[in-house]
Amino acid sequence: MTDYSANDYDYMARALKLAAKGLYTTHPNPRVGCVLVKAGEIVGEGWHEYAGGPHAEVNALQMAGEQARGATVYLTLEPCAHEGRTPPCANALIKAGVSRVLAAMQDPNPAVAGKGFGLLREAGIDVSIGLLQAEAEALNPGFIKRMRYGRPYVRHKLAMSLDGRTAMASGESKWITSNEARLDVHRLRAQSDAILTGVGTILADDPNLTVRLEGHERQPLRVVVDTNLSLPPEARILSQPGRVVVMTCSESSSARVALEKAGAEIVDIPYCSSQVDLAAVLDQLGELGINEVFVETGATLSGAMLRDRLSDELIIYVAPSLMGDKARGLFRLPELETMDQKIELDILDLRMVGKDIRVTAKVKN
């Protein structure tokens with residue numbers, strides 16, 4: 001086991017902070033940061049800013065120049081060893097003459113895992129792996145899950161009153177939470193590669209499901225689960241910037257033509273019975289290179305994803321209000337009848353957002 005110094009932790013923490021600057025921009029690539037240190041001083045640093053642009057290592061090496069020779073590198077992810085849209089970063093580090101590389105984690109892609117480290121070691125560079133690994137993994141849950149399992153990381157956004165209600169019996173739900181909470185949702189949308197909803201939510205609320213943050217232009221892919229192609233061509237989601245994909249079982253040619261004319265892309269999901277297979281939806285999104293999915297939908301689809309163990313994380317905004325017995329609940333889970341069937345959660349974070357409480361919970365198993 002490698003013994004790390006206090007300075008090692010500090011420099012890797014700096015690399016992680018740099019990596020987080022790419023939170024909204026690196027899709028479908030991972031968020032990566034790099035720091036070069038020589039004689040106790042940072043001589044170069046960088047992060048992966050956008051897909052197709054220079055990787056974190058290249059940006060840091062460019063800043064360091066000749067001072068990179070003999071430097072120690074702090075890197076949040078194994079350097080790539082394959083030719084993609086940019087040259088291999090492992091080769092760039094070797095050419096620069098660095099002496100040591102401390103990496104937080106190995107690349108989770110089984111096709112490339114360990115190859116970057118192998119090239120460095122063959123060149124005589126000392127390599128250590130595992131410093132602040134958990135923190136590095138937390139930056140890229142979607143990339144890691146897609147590389148390992150072929151599916152994106154799934155977050156659910158939910159808003160409820162203190163008594164667990166999401167809308168009045170009439171369907172009225174605007175607004176349960178505060179302006180601050182709604183702004184926070186836009187930040188979470190912005191870091192996601194796709195927003196997933198059900199056609200029932202579109203029919204009930206006609207949402208835009210876009211990111212509305214000052215200075216932010218990229219819109220996530222918007223995905224509508226629509227078993228029977230009942231999405232109206234005039235729905236607002238189809239008039240907004242960005243791609244909309246409708247995942248369906250329907251063979252209705254007239255509905256398909258109307259939606260495609262309105263700008264939707266139709267994806268047929270196999271193995272349908274009475275409804276779209278949600279596991280197949282996630283498989284399709286994985287094939288599209290989607291790392292993180294943000295689910296904004298009603299109780300039925302949310303409940304189905306929980307029931308099928310397809311959800312990874314819940315983000316629940318709890319408003320300081322009561323809506324009563326007749327109001328609608330958070331999930332539709334009629335299958336749960338006994339205590340041993342309950343779905344267990346691990347609470348990861350609790351914080352105030354405006355006047356609301358934001359609960360972040362990991363779905364166990």
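These numbers were taken from a predicted model, which means no experiment stands behind them. Atom set for the values below is all heavy atoms of this structure, side chains included, hydrogens, waters and symmetry mates excluded.
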Pair Asn228-Ser230, side chain to side chain donor-acceptor pair (under 3.5 Å): steps then yes or no: CA-CA 6 Å; Asn228 300 309; Ser230 53; 5.8 Å; no
Can you check side chain to side chain donor-acceptor pair (under 3.5 Å) on His156 and Ser311, steps first, answer last? CA-CA 7 Å; His156 280 250; Ser311 303; 2.7 Å; yes
What verdict does the side chain to side chain donor-acceptor pair (under 3.5 Å) test give for Gln341 and Glu337, after you've listed the backbone C-alpha separation in whole Å, the side-chain angles of each residue and the deciding distance to 0.1 Å? CA-CA 7 Å; Gln341 294 176 315; Glu337 297 180 348; 5.8 Å; no
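Residue Tyr4 is not grouped with residue Val73 when hydrophobic side chains (ILVMFWY) are merged at heavy-atom distances under 4.5 angstrom, including chains of intermediate members. The hydrophobic cluster containing Leu348 does not contain Ile357, counting ILVMFWY residues as joined when their side-chain heavy atoms lie under 4.5 angstrom apart, directly or transitively. Val127 and Val32 fall within a single hydrophobic cluster, where Ile, Leu, Val, Met, Phe, Trp and Tyr side chains are chained together by heavy-atom contacts under 4.5 Å. If you chain together hydrophobic residues whose side chains sit under 4.5 Å apart, Ile266 and Ile237 fall into the same group. Hydrophobic clustering of Ile, Leu, Val, Met, Phe, Trp and Tyr side chains at less than 4.5 Å, counting indirect connections, keeps Leu36 apart from Val58.
Under the 4.5 Å side-chain criterion, counting only non-hydrogen atoms from C-beta, Ile316 is in contact with Leu330. Side-chain atoms of Leu229 and Arg256, non-hydrogen and from C-beta on, do get closer than 4.5 Å to each other.
The two atoms that bring Pro320 and Asp356 nearest to each other are CD-OD1, 3.4 Å, heavy atoms only. Nearest heavy atom pair, residue Leu188 against residue Ser192, reads O-OG, 2.8 Å.
Asn140 places a side-chain N or O within 3.5 Å of a backbone atom of Arg31 that can act as its donor or acceptor partner. Checked by atom type and distance alone, the side chain of Asp206 pairs as donor or acceptor with a backbone atom of Arg236 at under 3.5 Å. A donor-acceptor pair is defined here as one N or O able to donate and one able to accept, closer than 3.5 Å; no such pair exists between the side chain of Asp226 and the backbone of Val246.
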Atom pairs and distances, side-chain donor-acceptor, residues 298-308, under 3.5 Å, sequence neighbours left out:
{"residue": "Ser302", "atom": "OG", "partner": "Gly298", "partner atom": "O", "Å": "3.0"}
{"residue": "Arg307", "atom": "NH1", "partner": "Glu335", "partner atom": "OE2", "Å": "3.2"}

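Within the model, atoms CD of Glu45 and CG of Leu18 stand 4.5 Å from one another, a figure rounded to the nearest 0.5 Å. Atom CG in Leu158 sits 8.5 Å away from atom OG1 in Thr166 (nearest 0.5 Å). For the atom pair CZ (Phe294) and CD1 (Ile315), the distance works out to 5.5 Å, reported to the nearest 0.5 Å. Interatomic distance, CZ of Arg14 versus CG of Leu16, reported as 11.0 Å (0.5 Å rounding). Atom CG of residue Leu75 and atom CZ of residue Phe117 lie 7.5 Å apart, to the nearest 0.5 angstrom. How far OH of Tyr317 is from NZ of Lys157: 8.0 Å, rounded to the nearest 0.5 Å.
In summary, Arg100 and Asp126 engage in a salt bridge, as defined by a charged side-chain N under 4.0 Å from a carboxylate O. No salt bridge links Arg151 with Asp312; every basic N to acidic carboxylate O contact stays at or beyond 4.0 Å. In summary, Glu313 and Lys145 do not engage in a salt bridge, as defined by a charged side-chain N under 4.0 Å from a carboxylate O.
Ring geometry for Tyr24 versus His216: interplanar angle over 60°, hence perpendicular rather than tilted (30 to 60°).
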